[in-house]
There are 2 protein chains.
Amino acid sequence: MTTSLAEENYLKIIYRLCEGTKEDISTNSIAELTNNKAASVTDMLQKLAEKGWVTYQKYQGVRLTKIGQNIALSIIRKHRLWEVFLVEKLGYNWDEVHEIAEQLEHIESETLINKLDSFLDFPKIDPHGDPIPSQEGEIPELGYLHLSEVKLNETCTLMGVAKDSAVFLQLLTKLNLSLGARLEVVEINTFDRSVSLKIAEQEPIFISHEVAKNILVKV
Amino acid sequence: MTTSLAEENYLKIIYRLCEGTKEDISTNSIAELTNNKAASVTDMLQKLAEKGWVTYQKYQGVRLTKIGQNIALSIIRKHRLWEVFLVEKLGYNWDEVHEIAEQLEHIESETLINKLDSFLDFPKIDPHGDPIPSQEGEIPELGYLHLSEVKLNETCTLMGVAKDSAVFLQLLTKLNLSLGARLEVVEINTFDRSVSLKIAEQEPIFISHEVAKNILVKV
DNA sequence: ATTAATTTTTAGCCTAGACTAAAAATTAAT
DNA sequence: ATTAATTTTTAGTCTAGGCTAAAAATTAAT
């Protein structure tokens, strides 16, 4: 069966919402991320359930079926591979590629994405450190921590980000925080959980808990 | 102003039909190439005229305005650059890229296409020998002849094709006719205008007038 | 110069995917 | 355990872009 652009966007977003939790996903949370109204979401959920891509009961939320998951993973795979292409081959910065990849991820051609994968030398992660699902839908488990979970005086390496909005990425760039940076947690403020970090030999920098939560590291 | 996928397809096809002739373009000819019914075409022509991309009078056919031409050229530019990418970088054959490029041509990002252009080293022609419009909408004039116009015993070089359907391209490939081949016209059959060609040291091959018409050469 | 054939347009209908407003179900609060 | 607040669903509407069938204009043929 074939998927429309709208359906693909819904599946992708439902996948993202499922990732965090075992609970079923609410109509409202989907409405928020798709920028649609709840009524429109209900409509679409019924169609997706028809097609067997989600399980859905009125008022009880929604989950992806195995098939739905695979569709979502193939879109995520395409998105992330195109992002690697844009950064590695065309010279974009990591904060510039999301919007374009949102379009490219809907190009349908199995051979295309596999040739692209090979052309890029089978990358395992995208420019934000997010893992790239395999053709079979396997996601390499990377076991990263959120920077906000790292203990005082520990040192870690910046491996990725949990959010790829342009403003967030630009902030990191301004703070000189890029993939691979070595970070030492030199202070954790108990009041607001803000964090002070030492990057290599530089003066320590301060970041909010909100920022720390969205940085992924390996200890 | 922004263009929908449907509008872009119409503009592209109207451009192609305008190319050959000074006449205004008929509703039916557009219907044929877009695979829509004439009534749907009429609808769309009225919308395109509203937006100032075509001039259109009822029953009198249609032409692109300057703006419409520029939109069409930018889509053609994208289509052809992506085709170069698919063949040069991803290793596709020339008969496999049209469908995928039909999708990629609608990705909207001015920077993307210019970075791609630079990544590909500013190619002047696509894998079928068609010229790639510049960012400003200039088409390098190549001055090719149709092979059907070449005189007996003349020798020429295969520079492009006037049609890029997969079956046609596969036929050429099977006949060992590829871009750059040196061809000598050794016989022209006056009855059906079929042509006998010598390629390098090979035995002569026969091709129909229909095929010869769609091969572009430089004498 | 009519009539016939063809082409184009109009009118009305359909589907996907959005929306708003109102109704129904669920959850939270007294 | 009711009432209130919130969330979700239904019902009905809208737009883009298709369609068919019938009407109108153009072109071709007697």
Side-chain angles (χ1 to χ4, degrees), chain A residues 1-14 17-18 20-64 68 71-72 75 102-103 105-106 108, chain B residues 1-14 17-18 20-64 68 71-72 75 102-103 105-106 108:
Chain A
M1 202 173 323
T2 173
T3 48
S4 74
L5 197 141
E7 288 166 343
E8 292 190 0
N9 281 330
Y10 274 97
L11 291 174
K12 193 181 52 166
I13 276 164
I14 297 169
L17 288 166
C18 281
T21 167
K22 289 237 88 108
E23 310 283 306
D24 284 12
I25 300 312
S26 77
T27 302
N28 259 357
S29 62
I30 298 169
E32 212 171 309
L33 290 195
T34 55
N35 290 314
N36 289 327
K37 296 300 156 97
S40 313
V41 174
T42 300
D43 258 23
M44 182 56 91
L45 292 182
Q46 289 168 348
K47 286 176 198 163
L48 296 178
E50 272 297 304
K51 302 204 177 190
W53 298 335
V54 302
T55 57
Y56 164 70
Q57 287 135 279
K58 279 190 197 181
Y59 296 101
Q60 304 307 310
V62 76
R63 292 200 72 69
L64 290 177
I71 299 173
I75 300 161
E102 287 283 306
Q103 297 178 63
E105 72 189 4
H106 300 292
E108 62 166 329
Chain B
M1 202 174 323
T2 173
T3 49
S4 73
L5 197 140
E7 289 166 344
E8 292 190 358
N9 280 332
Y10 273 97
L11 291 174
K12 192 180 54 167
I13 277 164
I14 297 169
L17 289 167
C18 282
T21 167
K22 290 237 88 105
E23 312 281 307
D24 282 12
I25 300 311
S26 77
T27 301
N28 259 355
S29 61
I30 298 170
E32 211 172 310
L33 290 194
T34 54
N35 291 313
N36 290 327
K37 295 301 155 99
S40 312
V41 174
T42 300
D43 259 22
M44 182 57 90
L45 292 182
Q46 289 169 347
K47 286 177 199 165
L48 295 178
E50 272 296 305
K51 302 206 178 189
W53 299 333
V54 301
T55 57
Y56 164 70
Q57 287 136 278
K58 278 189 197 182
Y59 297 101
Q60 304 307 309
V62 77
R63 291 200 73 70
L64 290 178
I71 299 173
I75 300 161
E102 288 283 307
Q103 297 179 63
E105 72 189 3
H106 300 292
E108 62 166 330

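In what follows, chains carry the letters A, B, and so on, assigned in the order in which the sequence lines appear, proteins first and then strands, with residues in each chain numbered from 1.
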- Task: State, with a plain yes or no, whether a side-chain heavy atom of A:Asn9 is found less than 4.5 Å away from one of A:Glu105.
- Result: yes
- Is any side-chain heavy atom of B:Leu11 closer than 4.5 Å to a side-chain heavy atom of B:Val54? yes
- Message: I'd like to compare against my own output: the B/S/- annotation of nucleotides 8-19 of chain C with a strict under-4.0 Å heavy-atom distance to protein.
- Response: BBB------BSB
- Query: Should B:Asn36 and B:Tyr10 count as side-chain neighbours, where that means a heavy-atom distance under 4.5 Å?
  - Reply: yes
- Qualifying residues under salt bridge (Lys or Arg N to Asp or Glu O under 4.0 Å), relative to A:Glu102, sequence neighbours excluded: A:Lys12
- What residues, two or more places apart in sequence or in another chain, satisfy salt bridge (Lys or Arg N to Asp or Glu O under 4.0 Å) together with A:Asp24? A:Arg63
- Looking at side-chain heavy atoms only, is the closest gap between B:Leu45 and B:Ile30 below 4.5 Å? yes
- Quick one: does B:Thr21's side chain have a donor or acceptor within less than 3.5 Å of a partner on B:Leu17's backbone? no
- Item | Closest approach of B:Thr42 to B:Tyr56 (non-hydrogen atoms, all atoms of both residues) | CG2-OH, 3.7 Å
- With Watson-Crick and G-U wobble geometry limited to distances under 3.5 Å, how should the secondary structure of DNA chain D be encoded in dot-bracket form, using | for bases paired to another strand and [ ] for crossing pairs? ||||||||||||||||||||||||||||||
- Round to a whole Å and report the spacing from CD of B:Glu50 to C1' of D:dG17. 16 Å
- Take atom CG of B:Leu11 and atom P of D:dG17, then tell me their distance rounded to the nearest Å. 12 Å
- Item | Residue pairs passing the salt bridge (charged side-chain N to carboxylate O under 4.0 Å, His left out) test where at least one lies in residues 48-59 of chain A, sequence neighbours excluded | A:Glu7-A:Lys51
- Query: In whole angstroms, how far is the P atom of D:dT26 from the CG atom of B:Asp24?
  - Reply: 14 Å
N/O to N/O distances under 3.5 Å, protein versus nucleotides 2-5 of chain C:
none

- Atom CD of B:Gln46 with >12 non-hydrogen neighbours under 6.0 angstrom: yes
- Task: Rounded off to whole Å, could you give me the CD-to-C1' distance for the B:Glu23 and D:dT27 pair?
- Result: 14 Å
